[in-house]
Amino acid sequence: MLPKLCHDWAMGTFFEPHRYDLHTHSTISDGTTSPSEIVQEAARIGLAGISLTDHDTTDGWAEAREASAAAQIEFLPGIEITTTHEMRSIHLLAYGPNEAYEPLQDKLDYLRGARKKRAAEMIQRLRKDFHLNWDDLIVQADINRVQSLGRPHLADALVRGGFFRDRSHAFEDALSPSGPYYVPTATLSTVEAITLVRAAGGFPVLAHPAAFRMRRPVAVEAIEDLATVGLGGVEIYHPENRDDWITPIKERAEALGLVVTGSSDFHGEGKPNRLGEYTTPEEVFTDIRGRVATPN
Ligand code: AMP
Ligand code: ZN
Ligand code: FE
Ligand code: FE
């Protein structure tokens with residue numbers, strides 16, 4: 001077993017201090033809690049800091065930053081960028097890029113636009129078998145804040161319609177990539193995204209490279225290739241990484257001198273992942289923060 005942070009939910013306290021959760025999603029993308037609620041929960045359970053990494057948007061940063069100052073925990077701005085490398089979906093975490101760097105914002109705009117179009121296309125397909133329309137997607141309480149639409153929003157609409165018990169059941173059934181309703185969303189190439197993040201002064205980290213939902217882990221050769229174009233780290237400790245798949249990746253990442261991170265990929269109530277379930281130690285956090293254009 002990979003080391004999991006020991007904590008006691010009943011007590012609400014961590015046994016290990018100075019830990020950071022560097023991968024979280026809010027209602028700005030497909031989480032169910034606001035940026036400030038994530039920060040407040042992080043402070044409550046004793047985390048030293050978090051990164052907010054909503055999909056393809058920097059919109060939640062300002063709120064999370066302000067809430068972190070109030071809660072007296074550290075904040076590192078982040079994004080999870082939708083990319084593809086050699087026909088394989090890759091999620092790229094980008095820490096601390098300059099938010100004002102227009103080439104990056106232009107690409108994020110493009111990705112969010114593509115997500116909206118794709119959600120509309122999936123609704124068209126789902127309508128054949130489920131009573132669902134665009135408005136069902138928009139009734140969610142915080143929907144006006146959503147910048148980045150994804151399958152979780154379709155899942156929530158299906159749950160509200162009474163078709164599935166929860167998000168996870170909708171994902172396994174109607175929203176599965178192998179099902180008839182699935183439409184892929186447009187992506188950036190991973191190499192292009194890494195280059196862009198570096199140009200923006202950010203630090204790119206490969207998210208969950210051994211997630212069990214994938215048919216196979218990201219190949220170690222691909223990680224080597226991405227390291228040569230500027231990949232800075234790999235998210236080794238993640239609730240969805242399979243132990244047997246992640247072990248060779250961890251060895252190679254360390255041999256390549258890449259930074260190793262751990263995070264929960266918290267999505268509020270939308271996913272079983274719990275905030276602080278996996279974490280990154282202070283020295284790694286400080287290392288990443290020291291290498292970026294926007295460290296807080
Ligand atoms: P999409 O990027 O739109 O294809 O949707 C995939 C995203 O849904 C990933 O970022 C997942 O982390 C997220 N997600 C949220 N809740 C769930 C869930 N219950 N099961 C699977 N994926 C989920
Ligand atoms: Zn997500
Ligand atoms: Fe992801
Ligand atoms: Fe994520």
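Starting from 1, each residue takes its place in the sequence as its number. For ligands, and for the atoms within them, numbers begin at 1 and follow the listed sequence.
Counting atoms of ligand 1 from 1 in the listed order, those under 4.0 Å from a heavy atom of Arg118 are 1 (P), 3 (O), 4 (O). Using a 4.0 Å cut-off to heavy atoms of Asp30, the atoms of ligand 1 that qualify are 7 (C), 8 (O), 10 (O), 13 (C). Counting the atoms of ligand 1 from 1 in the order shown, those under 4.0 Å from a heavy atom of Gly150 are 3 (O). Close approach of ligand 1 to Arg167 is summarised as follows: ligand atoms under 4.0 Å from at least one heavy atom of the residue are 15 (C), 16 (N), 19 (N). Proximity to Arg213 (heavy-atom distance under 4.0 Å) selects the following atoms of ligand 1: 20 (N), 21 (C). Listed by number with element, the atoms of ligand 1 under 4.0 Å from a non-hydrogen atom of Pro152 are 5 (O), 8 (O), 13 (C), 14 (N), 15 (C).
Put simply, Ile194 and Val218 are part of the same group of oily side chains (I, L, V, M, F, W, Y) that touch within less than 4.5 Å, one to the next. Both Leu108 and Leu92 belong to a single network of hydrophobic side chains, linked directly or stepwise wherever heavy atoms of I, L, V, M, F, W or Y lie under 4.5 Å apart. Transitive grouping of hydrophobic side chains (ILVMFWY, heavy atoms separated by less than 4.5 Å) keeps Val234 and Trp245 in distinct clusters.
Side-chain contact annotation: Ser176 with Ser178, donor-acceptor N/O pair under 3.5 Å present. Counting only N and O atoms by type, the side chains of Gln147 and Asp56 include no donor and acceptor under 3.5 Å apart.
At under 3.5 Å, not a single nitrogen or oxygen of Asp265, backbone or side chain, sits near a nitrogen or oxygen of ligand 1. The shortest N/O to N/O separation between Ser168 and ligand 1 falls below 3.5 Å. Geometrically, ligand 1 and Leu149 share no nitrogen or oxygen pair separated by less than 3.5 Å.
Contact between Glu80 and ligand 1 is absent, with no heavy atom of the residue lying under 4.0 Å from the ligand. Distances from ligand 1 to the non-hydrogen atoms of Arg115 include at least one value under 4.0 Å. Taking a 4.0 Å cut-off on heavy atoms, His55 registers as neighbouring ligand 1.
Remark: His208 pairs with Glu80, His91 by the side chain to side chain donor-acceptor pair (under 3.5 Å) rule, at least two apart or across chains.
Remark: minimum distance from atom 6 (C) of ligand 1 to any protein heavy atom is reached at Arg151 NH2, 3.6 Å. Closest to atom 11 (C) of ligand 1 among all protein heavy atoms lies Lys271 NZ, 3.7 Å.
In this structure, the ring of Phe164 has its center no less than 6.0 angstrom from the ring center of Phe171. Taking the six-membered ring for Trp and the full ring otherwise, the centers of Phe285 and Tyr20 sit less than 6.0 Å from each other.
Between Arg252 and Glu221 no salt bridge is recorded (no basic side-chain N to carboxylate O distance below 4.0 Å). The pair Asp287-Arg291 meets the salt-bridge criterion, since a charged nitrogen lies less than 4.0 angstrom from a carboxylate oxygen.
When each of Thr32, Asp59, Thr57, Asp54 is paired with Ser26, the side-chain hydrogen bond (donor to acceptor under 3.5 Å, both in side chains) condition holds for Asp54 and for no other.
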Show your reasoning for whether salt bridge (Lys or Arg N to Asp or Glu O under 4.0 Å) applies to Glu254 and Lys250.
CA-CA 6 Å; Glu254 282 169 349; Lys250 178 173 184 279; 3.3 Å; yes
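The aromatic rings of His55 and His267 sit tilted relative to each other, their planes meeting at an angle between 30° and 60°.
If you look at the Fe ion (ligand 3), the protein N, O or S atoms less than 2.8 Å from it are Glu80 OE2, His91 ND1, His208 NE2.
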